[in-house]
Structures are given as structure tokens and as C-alpha cells.
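As the structure lists them, so they are numbered: ligands from 1, and atoms in each ligand from 1.
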Amino acid sequence: MTATDTTPGPDMGEKKMSLTVKIMIGMVAGVILGVIFNMIDSAFINTHIVGGLFGMIGKMFVNALKMLVVPLVFFSLLTGVTGIGDIRLLGRVGGKSFGLYLATTALAIGVAIMLALIIGPGKGFDMTGVEVGGIEGKAAPTVWNVFAAIVPTNPIAAFASGEMLQIIFYTIVLGVAVLMLGSRSKGFVEGCEYMNEVMMKIVTIVMSAAPIGVFCLITKTFTEQGIELFIPVLAYVFTLTGALLLHLFVTLMLMLKLLTGLNPFTFMAKIRPAQMFAFSTASSNATIPVTLRSVTERMGVDNSVASFCVPFGATINMDGTAIMQGVATVFLANVYGIELGLVGYLTVIAMAVLASIGTAGVPGVGLVMLTMVLGQVGLPIEGIALILGVDRLMDMIRTAVNITGDAVVTTIVAKGEGKIDLAIFSDPDAGVLTDDDIHIDEAAEAELAVAAHKH
Ligand code: ASP
């Protein structure tokens, strides 16, 4: 049997079906059922089955992922910092990843704007009958405020509210202090390493529920999303999807190949589960555990690099979101017949990059950021009403692009620092989920029972 994530199917005898395949089946079944439910449009199904049961299971699944994010980032980053060997590496990893994240986001939106200017979605758009209004703009943050907010006044509050940049900052400071105390920290460091392993185990447990979780989430989305929402803005949807796919398959993969020499196909195969999680949840943040697992266990990136780059990227790097903002700006400028000019578009690029730094990767945040961008270049923010209806599906696609960008940059930085195990990267079996990962192994159980008996 070939090497993929293996978990045995219930009545398949010896034959095993990979987890990735199961999640895909869940997604496809969800799309089909969702479209059928949408056509039937029964109040009972919509309220009780989709809104009720499926909504509940989907929410539990996303909650379970989110439940992992803060403790996982804390323990893996702490072990990353304390196990780094050379503290200067931390500075280099931080600097390189920050530079690459900004550069990829700027490149993404630049290409998207050019593509949109060539295709010209929104030209001759008929605004009659379109209801606008009810959209509130958000003021753009200043660069200074964005950076000042990275230092938490109260770390407990930062952890409680999941402020990712503050958590990263605090954990790094803590890790450096632990390093300074040298051998006295041994017990604490071992405890953190152990907790990191425990958290990774919980990731595998939650991932094993993904086929059902994903099925429920996708069914719900497609039941709620009628095709009629797409028709008026089809040109926008096509341009945006094209720009997203171009970035995903061409720009990012070229960067990976040119800067690391690694095989993009292997990379794509290994990041796929994380992309599916991102697509289903529309949240880079909730996908952190899966992205982290993919780059470390499946691609061989060392935890000292991945534990920093992945949560950092999920927070500040949003290539897909920037692409959406670029295409949306051109679309709305065309709809309103406003000429933005070179300075206008450069402002859009700068704003989108800045806005992405302080905003967490959660569903729909891209639209909030879009209000800031539009406000800066004087486009009417009510125009967002036009694309609101299709935003959920676009959010799902762009989130998958966002986390792929995070993983590409993480791999590039790791390769540059010699912190990637190439044997793991090229081994298709590496880190695949097996049934053993979600079973309590008997030896471990017996060991614990003996230990408990002794006390
Ligand atoms: N949902 C996206 C993310 O979590 C952000 C957005 O574009 O709305 O990465």
C-alpha cells in the first residue's frame, strides 16, 4: 500500500484509506449535499439539520482546533527558543521571515492589481437595484501603533484573548530568560518539551475527527450560499480566483523552487491537509496546529524555526487576503468609475501590507481590512456590499492561499538556516497519520498503571 496518511476504514478489512482522502470525501459530499439542501430550501432542514446539528458539529470541530492554538504555540515556541542552540539564529529567523512575509504579501497584491487591471472586472457594472449601506468603515492603524501593540501589558490577558503577536513576543522573552538561567532551567525545559508532545498528540486526535467536521462545515456553507449570489459579480469572482490560483501554483511554487531547490510537488502533497483545514474553517489561526504539524512532521522543518514562523505567518502574512483587497479595489474603482492612478494603487499595496500585520487570521477579517484600504484611497466603502454575498467562499480559498504562503516562507527560512531534514521532506511516508497515533499504546498504558500502583 502506498504511503499516505493511513487510518483503516471501518469495513474495508485490511485495506486502509488515508485521512487526506477521507477529508476530501467529506468535502465533496458536503458540497453536493449543501447544493441539494440549498435547492430544496426546506425550513426544517435549514433550521434543524443544517443550522442545528451540522452547525453544532462544525462549531465543535473549529472550537477544538482553536482550543489548541494558544497552548500549542506557547509550548512549541518555548521549546523552539530554548532548544535553538544559537540565540543569534532567533534574530535571523525573525528578520528573514518578517522580510519574506512582507515581500510575498506585497508581491501578491501587486500581481493581483495588475491582473485585475488587465481583465477589468466591474467595468460597465449596473448599480440599479443594488442595495448598499450598513457597512461601517474601520480607521487605518498607524505603523507605530501596530508595532507598539506587540508588547503586552498583561501576558495573561494576551493569552486569554489569543493575541498572537503578544503571545509570541512574551514567549520569546520567557524562552530567552530561561536560556540565561542555564542548567537550572533543565526541569522546566523538559516539562515544556513533554507538554509540546502532548499538544501535538491532541492535534492528531482532533485531526482524526476532520472528515466529519469538514463535512458538516462545508455542507452548512453551501446550503447557505446560493448560486444567485455569484451571478452579478461573476467577473470579480473569476478574476479573484484566477489571481489566487496564480499566486498559489506559480508565484509561491517558483519562489520555493528558486530559493530552496525543493520539489514543489512534494511540498504541495504535504501541505494539502492544512489547505483543506484552512478552506473548511476560513481561519489561518485555527489552522495553525495543522500547518505546524505539516511543516515539522511531514516536511522535516526543525521546531526552532517552525514554532516561530508558522504562528507569526498566520498572524501577519496574508497573501490571499491581500490579493482579494487588490482585486476588490480595482473592481470597485471600475464600478464607481474612479481612476486611482499609480499613487492610488501604491497606497493600496502599502495599506494592505500594513493592515495585514496587526490583524489575526480569522474568518471575514479581510473585509474589515478592505474598509481601511478603500477609505485611504477615497473609494466608497459601501461598495463592499456588492461582494459581501460571495465573500465566504472567497474567504475559504484565500485562507488556503494564506497558510500555503506561511508554509513556503517557513520552509525557505529553514532551508537557509540548514534547519530542515531533507530525508523527511522527500519521504512520502514521513509524519503520516496512522491509526497508532490515535490509539493509546498498550505498553504506555501498562507503564503508567505500574507507576500508579507504586504510589
Ligand atoms: N480568513 C482569512 C484568514 O484567516 C483572513 C481573511 O482574509 O478574511 O487567513
Does M369 approach ligand 1 within less than 4.0 angstrom via side chain, backbone, both or neither, non-hydrogen atoms only?
neither

Among N38, T223, D41, whose side-chain hydrogen bond (donor to acceptor under 3.5 Å, both in side chains) with N46 holds?
D41

Heavy atom to atom 5 (C) of ligand 1, shortest distance: which of D319, I323, V365, T281 holds it?
V365

To which protein heavy atom is atom 1 (N) of ligand 1 closest, and what is the distance rounded to 0.1 Å?
D395 OD1, 2.7 Å

Does the separation of the ring centres of F54 and F215 fall below 6.0 angstrom?
yes

Carboxylate-amine/guanidinium proximity below 4.0 Å for K270 and D427:
no

Counting only nitrogen or oxygen atoms and a 3.5 angstrom limit, does L367 reach ligand 1?
no

Just to confirm my output: which protein heavy-atom neighbour is closest to atom 8 (O) of ligand 1, and how far is it?
G366 N, 2.7 Å

Distance filter under 4.0 Å to V362 heavy atoms, resulting ligand 1 atoms:
1 (N), 2 (C), 4 (O), 5 (C), 8 (O)

Is it the side chain (CB and beyond), the backbone, both or neither of A282 that lies under 4.0 Å from ligand 1, heavy atoms counted?
backbone

Do the non-hydrogen side-chain atoms of F267 and L262 ever get within less than 4.5 Å of each other?
no

Geometric N/O contact N285 with ligand 1, under 3.5 angstrom:
no

Determine yes or no for a side-chain-to-main-chain donor-acceptor pair under 3.5 angstrom, with N402 supplying the side chain and D319 the backbone.
yes

To check your reading of the model: name the closest protein heavy atom to atom 3 (C) of ligand 1, its residue, and the distance in Å.
S284 OG, 3.2 Å

Under the 3.5 angstrom rule, does the side chain of S283 hit a backbone N or O of G361 as a donor-acceptor pair?
yes

Using a strict 4.0 Å cut-off to heavy atoms of T321, name the atoms of ligand 1 that fall inside it.
5 (C), 6 (C), 7 (O)

Over 60° means perpendicular and under 30° means parallel, so tell me whether Y236 and F331 are parallel, tilted or perpendicular.
tilted

Hey, does M318 come in under 3.5 Å of ligand 1, counting only N/O atoms on both sides?
no

